[in-house]
*Asks:* 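Pasting in a structure now, in structure tokens, and then I'll have a few things to ask.
If you read the sequence from its start, that first residue is 1, and numbering goes on from there.
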Amino acid sequence: MEDDHLNSSFKAKKNGFYIRQRYILSVLGFFGLFTMSCTRNNLNLVIVTMVNTTEQNQTQSGTFNWDSKQQGLLLGSYFYGYAAGNIPGGWMAGKYGFRKVFGISLLISAIFSVLTPPATYANFYLAVMCRALLGLFQGGLYPAMTHAWSNWAPPLEVSILNSITFSGFIFGLVAIFPLTGVIAQYLFWEAVFYITGGVAIFSSILFLILVSDAPSTHRCISEKEKLYIEKSIGKQEMSKANSIPWKSIFTTKCTLALFVCHVADAWFQHTLPTILPTYLSNVLHFNITEGGLVMILPFLVQGFVILFSSQVTDTLRRKQLVTTTNIRKINSGLSLSISGLCLILTGYIGTNHYVVIGLFTASIAVNGLSYPGHYSNALDFAPRNSGIIFGISNTIANIICFLGPFSAGYIVTDPHSIPQWQSFFWLTFGINITGAIVYVIFGSGKEQKWAKEEKGNQLAEIEEEKLELT
């Protein structure tokens with residue numbers, strides 16, 4: 001099977017108590033992306049209290065008189081900067097190390113979160129610029145953590161380690177939506193930005209203090225764990241990541257399939273949290289606190305789907321019950337097709353609260369399969385270039401996906417109109433299905449020839465009697 005060489009390097013006994021440093025890294029990355037999610041999405045819900053509206057079914061005495069297009073521009077401005085920051089972030093992670101790129105970028109973005117309220121009061125377009133700069137510095141976070149696992153993750157632990165980290169973003173959504181409602185209702189909306197920004201500053205400092213770029217430079221790692229990782233993936237040199245095979249990246253079918261799939265998934269993942277509070281407020285008539293509480297369930301379930309499915313994925317790969325290529329395709333195909341179908345059904349249920357919430361929950365939860373799917377795929381076919389590949393993929397996805405909230409503002413001109421919401425849900429479904437089909441046909445989990453390097457003994461079997469990991 002295609003994964004035989006990976007399985008041979010997994011044979012290590014794990015007895016005794018020892019917190020493995022690669023899992024500590026995944027948890028620190030989790031909290032970094034958790035705070036990224038909070039500072040990124042705090043505006044999406046609090047904007048309801050910021051805007052002064054007088055609709056037929058509700059009155060909201062906010063501070064700012066923004067129409068739907070202005071709101072769409074402000075919500076979408078984050079993606080302008082975010083798209084621009086991915087490729088530089090992936091490249092710098094390879095050149096200077098993921099630790100500095102991730103930690104410093106998170107720190108600066110947190111400062112822009114704190115600056116958002118005064119910028120908003122000063123000028124609308126200054127607020128747009130502030131959100132764009134927030135996105136710019138957060139653009140390098142995902143590529144940097146993807147590159148981290150090319151140095152830290154044994155091949156058959158890629159799915160779970162990568163997904164633990166990436167699930168931080170999802171659990172951040174679980175936290176920010178109810179907290180935003182409570183803070184805005186009982187304190188003031190500006191406090192949402194101050195609190196989330198402050199927590200992100202703390203998280204970035206903790207990351208910079210405790211993380212190292214590779215096992216060989218970590219102060220606290222055990223010799224056994226370091227040997228295990230380096231035998232599994234080879235001792236990584238940061239300078240080697242500077243040689244980027246640009247032509248191969250843009251001419252390989254599996255890379256292009258990953259890009260298409262990522263675009264489809266990013267459209268769904270980035271747009272839905274942005275527009276869902278508006279749907280809950282105007283169609284189901286939830287207030288800000290109720291809307292925030294309803295947002296907990298879908299993303300909470302998705303977070304556990306991510307962790308469970310990632311563990312199952314790596315277990316199946318380790319037992320050679322399915323190849324890496326096939327399990328990546330299965331995960332992403334199911335994620336995109338089922339989530340899109342549930343979203344379509346939501347638009348035709350009407351205002352039955354329980355059914356609509358159930359369908360939203362299913363749609364968002366099953367999308368968690370994408371994490372042990374295409375989100376981990378670059379670490380399979382091009383591990384040493386995974387950071388820059390993810391950066392390119394995320395850039396392409398977000399150049400297109402920033403149109404999501406913007407297009408919602410044009411398609412859904414009346415937020416109370418169910419037919420207009422149906423039209424937007426059909427658009428999202430079509431994008432999802434296109435991405436699933438392309439990825440299932442052309443995706444691959446095999447390491448590409450152009451991505452390989454001299455590995456010496458890194459794929460040699462690790463025998464139990466020589467290496468008993470604790």
Side-chain angles (χ1 to χ4, degrees), residues 9 18-36 85-109 137-155 157-158 160-166 168 200 203-244 376 378-380 382-392 394 451 453-456 458 469:
S9 67
Y18 169 71
I19 301 178
R20 301 174 186 89
Q21 293 301 319
R22 60 190 184 275
Y23 284 94
I24 292 177
L25 173 59
S26 69
V27 172
L28 290 171
F30 171 97
F31 283 111
L33 295 184
F34 179 96
T35 58
M36 170 198 173
N86 275 266
I87 294 177
W91 177 79
M92 287 190 293
K95 184 174 178 62
Y96 302 109
F98 73 88
R99 171 184 162 273
K100 291 180 181 178
V101 174
F102 188 93
I104 295 174
S105 296
L106 183 61
L107 175 62
I108 296 175
S109 68
F137 284 97
Q138 291 190 348
L141 299 184
Y142 272 106
M145 281 310 302
T146 301
H147 180 79
W149 297 124
S150 69
N151 291 344
W152 276 92
E157 296 180 30
V158 162
I160 186 61
L161 289 170
N162 193 50
S163 295
I164 288 173
T165 301
F166 280 17
S203 177
S204 65
I205 294 173
L206 195 65
F207 190 91
L208 288 168
I209 292 173
L210 298 178
V211 169
S212 294
D213 285 306
S216 60
T217 60
H218 200 285
R219 293 170 295 178
C220 301
I221 192 171
S222 72
E223 192 65 27
K224 293 177 181 179
E225 182 181 9
K226 182 174 73 172
L227 178 61
Y228 171 59
I229 295 172
E230 291 181 351
K231 283 278 189 177
S232 298
I233 64 177
K235 187 174 182 179
Q236 302 297 305
E237 300 293 338
M238 285 191 296
S239 60
K240 291 183 179 180
N242 294 331
S243 178
I244 301 172
S376 299
L379 287 159
D380 302 322
R384 71 189 183 102
N385 300 117
S386 57
I388 192 67
I389 290 174
F390 191 95
I392 295 169
N394 219 21
E453 58 183 326
E454 294 298 324
K455 299 186 178 182
Q458 74 183 68
L469 260 185

*Asks:* State, to 0.1 Å, how close A378 and I389 come at their nearest heavy-atom pair, and which atoms those are.
*Replies:*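 Shortest heavy-atom separation between A378 and I389 comes out as CB-CG2, 4.0 Å.
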
*Asks:* Enter the distance from E157:CD to S163:OG here, rounded to the nearest 0.5 Å.
*Replies:*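 Rounded to the nearest 0.5 Å, the CD-OG separation comes out at 12.5 Å.
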
*Asks:* At what distance, to the nearest 0.5 angstrom, does OG of S216 lie from CG of L227?
*Replies:*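 S216 atom OG to L227 atom CG measures 12.5 Å (nearest 0.5 Å).
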
*Asks:* Quick one: does N151's side chain have a donor or acceptor within less than 3.5 Å of a partner on P215's backbone?
*Replies:*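 No: the side chain of N151 does not pair with the backbone of P215.
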
*Asks:* Under 3.5 Å, is there a donor-acceptor pair between the side chain of T165 and the main chain of L161?
*Replies:*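 The answer is yes, because a donor-acceptor pair under 3.5 Å joins these two groups.
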
*Asks:* In terms of side-chain heavy atoms, does E225 have a donor or acceptor partner in Y23 at a distance below 3.5 Å?
*Replies:*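 Checked: E225/Y23 side chains show no N/O donor-acceptor pair below 3.5 Å.
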
*Asks:* Quick check for you: to the nearest 0.5 Å, what is the distance between K100 atom NZ and L208 atom CG?
*Replies:*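 Result: 10.0 Å between the selected atoms.
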
*Asks:* Please walk me through it: do I24 and L210 pass side-chain contact (heavy atoms from CB on, under 4.5 Å)?
*Replies:* CA-CA 9 Å; I24 292 177; L210 298 178; 5.8 Å; no

*Asks:* For S150 and L379, what are the C-alpha separation, side-chain angles and deciding distance, and is it a side-chain contact (heavy atoms from CB on, under 4.5 Å)?
*Replies:* CA-CA 7 Å; S150 69; L379 287 159; 4.3 Å; yes

*Asks:* Which heavy atom in I229 sits nearest to a heavy atom in R22, and how many Å separate them?
*Replies:*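 Taking I229 first and R22 second, the nearest heavy atoms are CD1-CD, 4.1 Å.
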
*Asks:* Does a side-chain heavy-atom distance below 4.5 Å link P155 with I233?
*Replies:*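 They are in contact (side-chain heavy atoms under 4.5 Å apart), so the answer is yes.
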
*Asks:* What is the minimum heavy-atom distance between I244 and N385, and which atoms define it?
*Replies:*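 Closest approach of I244 to N385: CA-ND2, 4.4 Å.
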
*Asks:* Does Q21 reach the main-chain N or O of H218 with its side chain, forming a donor-acceptor pair under 3.5 Å?
*Replies:*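 Not a single qualifying donor-acceptor pair exists.
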
*Asks:* About how many Å separate OG of S109 and CG of L141, when rounded to the nearest 0.5 Å?
*Replies:*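 Here the interatomic distance stands at 6.0 Å.
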
*Asks:* Against W149, only a single residue in P383, S26, P154 fulfils side chain to side chain contact (heavy atoms under 4.5 Å, CB included); can you say which?
*Replies:*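 Only match with W149 under side chain to side chain contact (heavy atoms under 4.5 Å, CB included): S26.
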
*Asks:* What are the two closest non-hydrogen atoms of V158 and A153, and how far apart are they?
*Replies:*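 Where V158 meets A153 most closely, the heavy atoms are CG2-CB, 4.1 Å.
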
*Asks:* After noting the C-alpha distance and the side-chain angles of L107 and F207, does the key distance pass the side-chain contact (heavy atoms from CB on, under 4.5 Å) rule?
*Replies:* CA-CA 10 Å; L107 175 62; F207 190 91; over 6 Å; no

*Asks:* What's the shortest heavy-atom distance between I87 and I388, and which atoms?
*Replies:*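 Between these two residues, the closest heavy atoms are O-CD1, 3.5 Å.
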
*Asks:* Taking all non-hydrogen atoms of both residues into account, name the closest pair between P143 and G391 and its distance.
*Replies:*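 Looking at all heavy atoms of both residues, the shortest contact is CG-CA, 3.7 Å.
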
*Asks:* Nearest 0.5 Å, what's the CH2-CG distance between W152 and L25?
*Replies:*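 So the gap between those two atoms works out to 6.5 Å.
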
*Asks:* Check the orientation of F166 and Y142. Use parallel for under 30°, tilted for 30 to 60°, and perpendicular for over 60°.
*Replies:*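 Ring orientation, 0 to 90° scale: perpendicular.
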
*Asks:* At what distance, to the nearest 0.5 angstrom, does CG of L106 lie from CD1 of I205?
*Replies:*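 Between atom CG of L106 and atom CD1 of I205 there are 10.0 Å.
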
*Asks:* Give every donor-acceptor pair under 3.5 Å between a side-chain atom in residues 27-35 and any protein atom, sequence neighbours left out.
*Replies:*
unit_1, atom_1, unit_2, atom_2, d
T35, OG1, F31, O, 3.3
T35, OG1, G32, O, 2.8

